[in-house]
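Notes for the one structure printed next.
Sequence lines set the chain letters: A, B, ... in the order given, protein chains first and strands last, and positions in each chain run from 1.
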Amino acid sequence: MIIAERKPMDEIKRMLAPYKKVLVAGCGTCVTVCWAGGEKEVAILASQLRLARSAEHNEISIFEASVERQCEREMVAEIKDKVTEVEAVISLACGAGVQTMSEMFEDKPVFPGVNTTFIGMPEKEGLWVEMCGACGDCFLDRTGGICPIVRCAKGLLNGPCGGTRKGGKCEIDPDKDCAWVLIYRRLEKQGRLDLMRNYYAPKNYRAVKRPGRIQAAKA
Amino acid sequence: MNNCIVAFCCEHSAYPAADLAGKLKLHYPENLRIIRVPCAGRVDLIHILKAFEKGAAAVMVMGCEGGACHHMTGNTRTKERVKYCNLLLREIEADGRLVAMFNLSPNAPHKFVGAVNEITKRIKESGR
Amino acid sequence: METKIGVFICNCSGTLNNIDFDAVVKKVVELPGVTSIKFISPLCLEEGKKKMLSCIREENIEKVVVAACSPEFKEHVFREVLENAGLNGHLFSMANIKEQCSWVHEGDVTGKVVELIKMAVSRTRLLQPVKMNNFSVNREVLVVGGGFEAINAALQLSRAGLRTTLLEREAVLGTGTTELENLCGFDINAMVMEVKGDENIEILAPAEVIETSGKIGDFNVRIRKGGEEISRKYGALVIATGYQTKLALESKLKSDVNIVSQEKLCHMLEDPELRIRPRTIGFMLDFADENSRLPTLATLNNALAAKRKWGSEVYVFCKNVKVDSERIERLYQEARDCGVMFLKSDVSPKVAAENGKIKIEAKDIFLGEDINLTCDVLVAEECLLPAEETEALSSILNIRRDSRGFYQDENVHLYPVASEKKGIFFIGGCRGNLDLSRVLTDVSSVVVSIYKLLSSGNILAEVERVKVDPQKCVACLTCIRICPHNAIQLVRVDGGKEVAEICDLACEACGICAAMCPAKAITFQGYRDEEILAQVETIGES
Amino acid sequence: MATPFRKILKTKDFVVTAEAAPVKGSNVSKAIEHIELLKDKVDGLNVTDNQSSVMRYPSLGVCLLVKEHGGEPVLQVTCRDRNRLAIQADLLFAYSRGVDNVLCLTGDSIDVGDHKEAKQVFDLDSVQLIHLIHTLNSGQDMAGNELDGNIDFCIGTTATPSADPLEPQLIKVEKKLAAGVEFIQTQAVYELDELKRFVEFVRKMDDKVKILGGIVPVIGAKMAAYMNDNVPGVFIPQHLIDELAQTPKGTGVAKGIEIAARMIRQMREEKICDGVHIMFIGREEKVPDILEAAGLL
């Protein structure tokens with residue numbers, strides 16, 4: 001799932017400064033699940049904006065709307081009427097959603113209200129961690145199902161760097177585990193440590209030719 | 001409005017504490033408006049923000065003491081939520097201290113009145 | 001067409017004398033939705049209620065607002081009036097114009113009263129009925145544990161007419177019960193005999209719980225007994241797995257000198273073949289474990305016995321003697337009268353072995369003197385810990401423990417015996433209640449609670465008062481992870497999409513889930529966002 | 001002319017190298033001073049590559065200065081700042097100018113340095129870098145194209161003998177040995193038993209590779225605690241910290257030198273390893289004092 005985080009208010013206020021009629025648009029999929037852009041966050045941002053602008057004596061009128069997936073043109077089309085009424089849109093969807101909105105309403109500025117950060121999973125309630133780098137060349141079969149591309153701070157393919165901290169923690173953050181120590185433990189548990197002894201040649205970073213494009217095979 | 005203080009009071013603690021304050025005829029400012037909730041945990045950010053939108057001078061969220069929440073984690077979660085609300089207010093250059101969480105037991109009417117006085121003091125300090 | 005709201009105002013027999021009720025009536029009558037307004041005082045007595053009832057009927061009132069005292073005291077009274085009049089009890093709000101207005105402000109409060117009523121009316125306009133339903137429940141109870149607490153509970157449940165299963169880890173019942181408990185007047189052997197002879201009680205031993213699911217009235221429990229696994233259904237679960245003790249002193253001292261536990265001393269006192277009676281005995285109390293109610297009782301009992309039986313010199317080194325019941329007070333007095341010395345110290349005394357004896361160094365804070373004492377036997381302090389299986393069982397039950405590992409101890413003043421999950425109860429040691437006389441209170445209150453819940457075979461509960469809208473739910477699992485009562489589950493709607501669903505029986509209506517749901521998919525009748533915000537938005541309008 | 005490093009490795013009993021940290025700025029006079037001071041006292045001068053992710057004068061630039069002044073340079077190459085094209089190009093340039101000893105490292109993370117917002121590269125890792133240099137040595141680039149001109153680098157790498165847990169590190173060392181290296185320079189060690197254990201492990205797989213024990217003198221208890229918390233891969237034991245804590249004020253540097261020399265002597269006398277690599281960052285001028293105290297001058 002895509003994980004995002006609300007942008008700092010300063011940035012949002014700056015983007016919306018010239019406008020007096022704005023739509024706050026939420027998305028009902030990934031960003032709802034990660035508490036960044038669902039209906040609840042839409043209401044909070046809208047309220048916060050109204051408060052901010054009223055303190056500046058520069059009233060703003062705000063509409064609120066959410067669609068199931070902002071990265072789908074058909075679903076975004078459902079809120080067309082509301083978009084027509086406003087001068088600008090602040091979208092709480094991921095980058096894909098913001099761009100879909102921008103493309104659908106080319107005459108309206110559509111601003112990102114969140115920073116899209118990574119593909120991840122909840123470690124516990126309210127805490128999400130990065131799991132996948134969408135590299136287009138999955139390596140997980142060789143690493144006991146732990147991705148060194150994003151879970152190792154350096155994306156190393158042939159084992160840990162020399163900076164591992166005591167207890168197998170990451171060089172850059174004692175709160176994070178060294179991915180290669182995790183991989184070692186997992187493979188050891190599975191009796192497959194030989195996988196870690198293999199040499200892996202430099203990765204093909206063009207496995208996905210950017211910008212990515214996938215054509216499904218026709219049935 | 002209005003310059004009222006909106007107090008979301010848990011029906012297991014702050015609300016009965018306020019009742020007791022009434023029975024003892026302890027006085028507190030008239031601009032207090034109490035909204036009864038089943039647990040402090042029910043109070044959401046939007047409730048607090050809307051109160052400010054309507055012109056409230058301050059918002060109090062009042063729940064049970066530390067380990068005594070009727071629903072185990074309602075008061076601690078809301079404490080975190082109120083802390084986040086402080087941040088949301090500071091982000092828009094408002095005085096974050098004007099939303100606050102108070103923990104008290106149902107038999108603490110003086111603590112209830114003390115909390116109201118405390119928030120009233122903060123309102124004065126913030127210049128409203 | 002807007003529903004008709006009736007407003008009833010009471011001045012509590014004239015005690016609300018700083019309100020101009022005529023002015024209030026004039027303002028309130030203009031509020032949208034209000035079709036009738038009545039001033040009746042006192043409203044909560046029979047005559048008032050009768051008037052209210054007939055008014056609701058005559059004027060076809062559909063929802064009610066009462067402006068009077070606190071709902072904490074009178075909500076149920078007026079709800080009953082609504083229900084007698086054929087209305088749903090949830091279509092009702094109270095404006096607390098007494099305790100939270102008239103009595104706490106000086107001078108005329110008419111304006112505030114009008115506003116409080118306005119807030120109540122604006123909430124009431126949005127209220128929706130909540131249905132009640134009878135859910136049938138399983139009447140059998142599972143008691144986990146085989147000590148005197150568990151046996152006692154099983155016997156009482158059986159007497160209350162509820163079929164009970166007693167599940168014990170060990171092969172024999174009552175093994176966990178110590179000499180000390182016997183000392184406190186329990187005849188464990190007689191209890192075991194009685195429970196074995198009770199037809200209403202099934203004993204599974206040795207056996208253990210390996211999985212639980214379901215909810216109050218309908219728990220599914222998987223049990224391992226011998227080599228096989230069995231599945232059972234129960235209406236309620238009682239956990240009485242007890243506690244264990246650990247000597248607080250280091251073991252290296254223990255081997256060559258006489259450092260013993262309270263229980264060991266009990267054995268020594270009973271031992272007819274004991275050749276050498278200890279001349280000097282030291283006790284440690286309240287240094288390692290501040291929750292020392294049971295150790296205090298044991299110390300006083302043993303100190304007295306040693307004094308009387310052996311005539312030993314007895315010294316009790318303590319931080320405090322926690323004398324919190326009449327019985328302990330009496331024992332303490334007796335001990336002092338017999339010449340037991342109590343030496344109070346802030347820090348734990350130094351203990352060393354010397355020529356097969358134990359040397360104790362302490363500073364008595366009352367005498368202000370250093371005390372050096374050599375004794376034959378030292379009764380070391382014991383830390384009280386939850387039984388070994390507590391941790392595993394808590395994860396099987398999905399129930400939290402406190403910082404010391406006991407069940408629920410932190411929340412003791414609200415939930416002495418009930419867990420956060422409805423239908424699961426704790427007794428005695430496993431919840432940190434180590435005072436034997438109070439354990440009996442635990443047993444009684446658990447039995448009464450379970451009897452109330454299960455005896456009729458039905459539980460009357462609100463239906464969908466807190467509800468997930470499956471259309472809006474994005475299955476983010478937030479509510480499932482945070483529900484303090486474990487009342488929410490992931491289910492498939494018609495075998496398709498997965499959504500969260502709240503179990504009406506298990507839900508305690510706290511609304512934490514409604515506040516946390518990022519999709520705003522959870523509604524809580526009476527405390528929906530709309531109903532709360534309607535009050536917020538009315539504030540200050542007067 | 002200095003003796004080629006590969007020849008030193010083959011012939012000398014106890015190899016001594018020292019670290020030369022490039023300057024921040026274009027004024028290289030300090031670097032030249034250090035080179036002049038050390039070039040005849042050590043067998044190789046090892047030049048760091050944006051050490052600790054702090055941007056500096058390039059390793060290759062200082063290596064050329066070492067060469068100009070008659071010393072034997074060891075070029076450090078990390079994988080952090082350059083992709084495979086840039087690394088190959090830099091290596092071609094280095095070799096063409098006579099810099100033919102390479103130390104292959106992963107490189108510290110960008111987060112520990114002074115340009116925290118930069119994009120870190122890590123197109124290759126250290127094992128892949130070793131393979132890459134062998135490819136160059138064989139006359140080809142990574143894409144398989146023929147190269148004009150002969151290349152023959154002497155290849156070294158690093159290891160952390162005191163890592164916790166150690167096993168994953170050792171597996172990586174195995175991979176580096178399998179790829180083929182002529183010398184291993186360890187991360188700073190403070191427990192010689194750990195170094196011994198490490199050398200034994202390496203010897204089981206490769207008895208030719210030379211192992212240089214890493215020495216970073218610590219000059220105070222505070223510095224030791226700071227290094228434990230902030231320098232990746234460094235673990236200073238409590239007994240050393242205690243020893244430093246008891247040192248009178250103002251004598252910390254002397255104490256640091258004393259401890260370093262004591263360890264080097266032991267390494268040499270007990271034949272624990274094949275040499276030493278001294279990293280006295282910011283106090284390069286004190287390296288001769290250590291060498292003297294260790295009896296290496």
Practice task
May I ask you to name which of A:G155, A:A153, A:G167, A:P174 has the most heavy-atom pairs under 4.5 Å with chain D?
Solution key: A:G167
Exercise for the section: Please examine the side chains of D:Q128 and A:Y199, heavy atoms only from C-beta on, and report whether any two atoms are closer than 4.5 Å. Expected result: yes
Problem - Engaged part of D:R84 at the chain A interface, taking heavy atoms whose separation is under 4.5 Å - result: side chain
Problem - Option that, when pairs with chain A are counted at under 4.5 Å, heavy atom only, ranks first among D:Q187, D:K176, D:M142, D:K175 - result: D:K175
Exercise for the section: Mark yes when over 12 heavy atoms from residues, nucleotides or ligands other than D:K119 sit less than 6.0 Å from its NZ; otherwise mark no. Expected result: no
Exercise for the section: Under 4.5 Å heavy-atom distance to chain D, tell me which part of A:D173 shows up: side chain, backbone, both or neither. Expected result: neither
Problem - Other residues, nucleotides, ligands: >12 heavy atoms within 6.0 Å of A:K176 NZ - result: no
Problem - Residue A:E125 excluded, over 12 heavy atoms near CD under 6.0 Å - result: yes
Exercise for the section: Can you establish whether the number of heavy atoms outside A:E106 located under 6.0 Å from its atom CD is more than 12? Expected result: no
Handout entry: D:K172 side chain reached by A:Y184 side chain, heavy atoms, under 4.5 Å
Key = no
Exercise for the section: Answer with side chain, backbone, both or neither: which region of A:I183 has an atom nearer than 4.5 Å to a non-hydrogen atom of chain D? Expected result: neither
Practice task
Hey, could you give me the CG/CD distance between D:D111 and A:E171, rounded to the nearest 0.5 Å?
Solution key: 8.5 Å
Handout entry: Contact check, side chains of D:Q169 and A:V181, non-hydrogen atoms, under 4.5 Å
Key = no
Practice task
Quick one: which of D:L105, D:V112, D:D123 has the most heavy-atom pairs under 4.5 Å with chain A, could you say?
Solution key: D:D123
Handout entry: Side-chain touch D:P168/A:R185, heavy atoms, less than 4.5 angstrom
Key = no
Practice task
Using a cut-off of 6.0 Å, state whether more than 12 heavy atoms not belonging to A:E68 lie near its atom CD.
Solution key: no
Completion exercise
One option among D:L132, D:D229, D:D125 has the most heavy-atom pairs under 4.5 Å with chain A, and it is D:D125
Problem - A:L195 side, atom CG; D:I171 side, atom CD1 - distance, nearest 0.5 Å - result: 10.5 Å
Problem - chain D contact via A:L157 - side chain, backbone, both or neither, heavy atoms under 4.5 Å - result: both
Practice task
Report the distance from atom SG of A:C161 to atom CG of D:D108, rounding to the nearest 0.5 Å.
Solution key: 8.0 Å
Practice task
Verify, without hydrogens or angle tests, whether A:K154 (side chain) and D:G107 (backbone) share a donor-acceptor contact under 3.5 angstrom.
Solution key: yes
Handout entry: Distance in Å, D:S126 OG paired with A:N158 CG, rounded so as to fall on 0.5 Å steps
Key = 7.5 Å
Exercise for the section: Sort D:T158 into side chain, backbone, both or neither according to what part of it lies under 4.5 angstrom from a heavy atom of chain A. Expected result: neither
Exercise for the section: Could you tell me whether the side chain of D:F122 reaches within less than 4.5 Å of the side chain of A:K203, counting heavy atoms only? Expected result: no
Exercise for the section: Check whether more than 12 heavy atoms from other residues, nucleotides or ligands sit under 6.0 Å from atom CZ of A:R197, and answer yes or no. Expected result: yes
Exercise for the section: For D:T160 and A:T164, run side-chain contact (heavy atoms from CB on, under 4.5 Å): C-alpha distance rounded to whole Å, both residues' side-chain angles, the deciding distance at 0.1 Å, then the answer. Expected result: CA-CA 9 Å; D:T160 308; A:T164 320; over 6 Å; no
Problem - Neighbour count >12 (heavy atoms, 6.0 Å) for atom OH, A:Y205 - result: yes
